[in-house]
Number of protein chains: 2
Amino acid sequence: MINRENGVACYQQLSQILIEQIEKGIFKPGSQLATEIELSKRYRLNRHTVRQAIERLEDEGLVYKIKGKGTFVASDKINYKVSKRTSFTTSILDVGLNPDARLLDSYEIAAGKELSKRLNIQSSDRVIVLEILRFVNKTPFCHTTSFLSKTKFPELRSLISGSFSLFGLLKKHYGVDALRKSSTFEVSMPESSDMDMLNISPKVPMLAVKSISKDQKGGMVEYCITKFRGDMCSVSVDFNGEGR
Amino acid sequence: MINRENGVACYQQLSQILIEQIEKGIFKPGSQLATEIELSKRYRLNRHTVRQAIERLEDEGLVYKIKGKGTFVASDKINYKVSKRTSFTTSILDVGLNPDARLLDSYEIAAGKELSKRLNIQSSDRVIVLEILRFVNKTPFCHTTSFLSKTKFPELRSLISGSFSLFGLLKKHYGVDALRKSSTFEVSMPESSDMDMLNISPKVPMLAVKSISKDQKGGMVEYCITKFRGDMCSVSVDFNGEGR
DNA sequence: TTTGTATAGATGTATAGACAAGTTGGAGGC
DNA sequence: GCCTCCAACTTGTCTATACATCTATACAAA
């Protein structure tokens, strides 16, 4: 199976073989791959060479490993839609899946240099920080950190408990109708907190989306950073639609 | 420097040390890191362990390696702006850099199942494919593959040579005013063609953007896939602005 | 029934050595 | 002066071995 004369590295050949097997659907999502030792025997390669090959598949998000258990085939990507008005819940329901969310933490900090610029406030002003973990079919999917001015929304923290319709809350209690103004997309690798919360390995690249929302008068409402598992989703932007 | 009793893997400790040194700016972009053997001597680690550590930095796009030469610190990310009307050239000029482009190839294919759906044409219809490589400061930056209906733009291929203002061309010759309607963002790993064209290693994740543009009557104009180097840029979306 | 222990098997980490292949610069020949 | 070629140095690949750590299971002990 492995050609040792054609100049192509053994681990790359094995990567290719495994990728083809997965893409042909020989293994279903969630099913276990052959163990490293099995593969090393079958293809007459050293276990480390096999590990190099599987590392590539991990990089591409095709498989994931669990220490002590084995290597498993990953699932397909979920398409997540974003527009001026986006709700996580409806966006996930639209694609026939089961959304859920948990408020991990809410606290206050001083704005500081960076945030004061983003939120257009003084750097000594207080900022409310909300950390929300969202799930799709019980699996951690993305992690959002929201920043809002405490001056504008003084009682927000006590209001939010239980409810995650942040924009609904802002409208109801403050009469603020927030609209997404811009989003910045970036590839980033997970920090250790991301790895814990989303239960991923350091090798899974993340899609980081930084968004700015304003009210209808153009006043800053929210600056938020959402980190998606790059292996689990793509994110679509609609330049016209109102979304919902 | 390396603590061998605290349960943290040596290669992770070394990764952390190197990341901090880079982020503090001890090494400037483009400068060479210590060689693997130097690091292994300095920190009393095996060369393979050092390689594991550097692999992490490579994953995060902090460094890049050149076989036979060494390991080098990568540059900061460029912010690339996208809106309804986006021109690569002006977007790059806006951030004070020097844009350039090259038409790699132009050819025709039958639409087939996938493309016919995207472009809203028959699967037997002909499709014009344009492959464009774009540069920033002489460095390959992104690779765009555009798909347009040949029925709508029959002579496009002969018109395009030399000029890369595709939308300008469409307006001038066909009276079509194209607007971006939606974009889908996704993390993907480079294929071998990407690695060749953008001159990157298989470890650099890419930001893939699939965009749909329509004319003002809502007719499909273009479906295109742009792959950015994830280590070189972030992409911003403006939900309102006309851009330019 | 519950708890603890032992074991096998899986991935994770670290070390050692060897050779391949690309890059560079200098010695030596012209 | 110019060129070729070789040696030294770099990263890339492969093998071999050892032990750590986590999971699952089986079985004994409380």
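Please read these numbers as outputs of a predicted model, since none were measured by experiment. Below, chains carry the letters A, B, ... as their sequence lines are ordered, and counting in each starts from 1. Values reported hereafter were calculated over all heavy atoms of this structure, with side chains retained and with hydrogens, waters and symmetry mates removed.
Side-chain N/O atoms of R157(A) and S106(A) include a donor and acceptor closer than 3.5 Å. Defined by atom type and a distance below 3.5 Å, a donor-acceptor pair is missing between the side-chain atoms of S40(A) and R47(A).
Per the geometry, CD1 belonging to I37(B) stands 13 Å off C1' belonging to dC19(C), to the nearest Å. The interatomic distance linking E5(B) (CD) with dA20(D) (C1') rounds to 14 Å, in whole Å. As a whole-Å value, the separation of Y64(A) OH from dG12(C) C1' is 18 Å. Residue R51(B) contributes atom CZ, which lies 12 Å from atom C1' of dA20(C) at whole-angstrom precision. The separation between Q32(A) atom CD and dT11(C) atom P is 7 Å, rounded to whole Å. Protein atom CG of L14(A) is 11 Å distant from nucleotide atom P of dT15(D), rounded to whole Å. We find that CD1 of I66(B) is positioned 10 Å from C1' of dT23(C), with the value rounded to whole Å. Summarising the geometry, the separation between CD on E55(A) and C1' on dT11(C) is reported as 13 Å, rounded to the nearest angstrom.
Considering only the side chain of Y11(A), dC14(D) comes nearest among dC14(D), dT13(C), dT10(D). Listed nucleotides dA14(C), dT11(D), dC22(D) differ in distance to A9(B); the shortest reach to its side chain belongs to dA14(C).
Counting atom types as modelled, H48(B) pairs no side-chain N or O with a base atom of dG12(D) as donor and acceptor under 3.5 Å. Side-chain to base pairing of R47(B) with dG17(C): no donor and acceptor N or O lie closer than 3.5 Å to each other.
The pair K65(B)-E36(B) meets the salt-bridge criterion, since a charged nitrogen lies less than 4.0 angstrom from a carboxylate oxygen. Classification of R51(B) and E55(B) as a salt-bridged pair fails, no side-chain N sitting under 4.0 Å from a carboxylate O.
The phosphate of dG22(C) (OP1 or OP2) has no side-chain N or O of K69(B) nearer than 4.0 angstrom. Close to dT15(D), at under 4.0 Å from its OP1 or OP2, lies a side-chain N or O of R4(A).
Remark on DNA chain C: of its neighbouring residues T49(B) and T71(A), the 5'-side contact belongs to T71(A), judged by nearest-heavy-atom nucleotide.
No close placement of the F141(A) and F135(A) rings is indicated, their centers lying 6.0 Å or farther apart.
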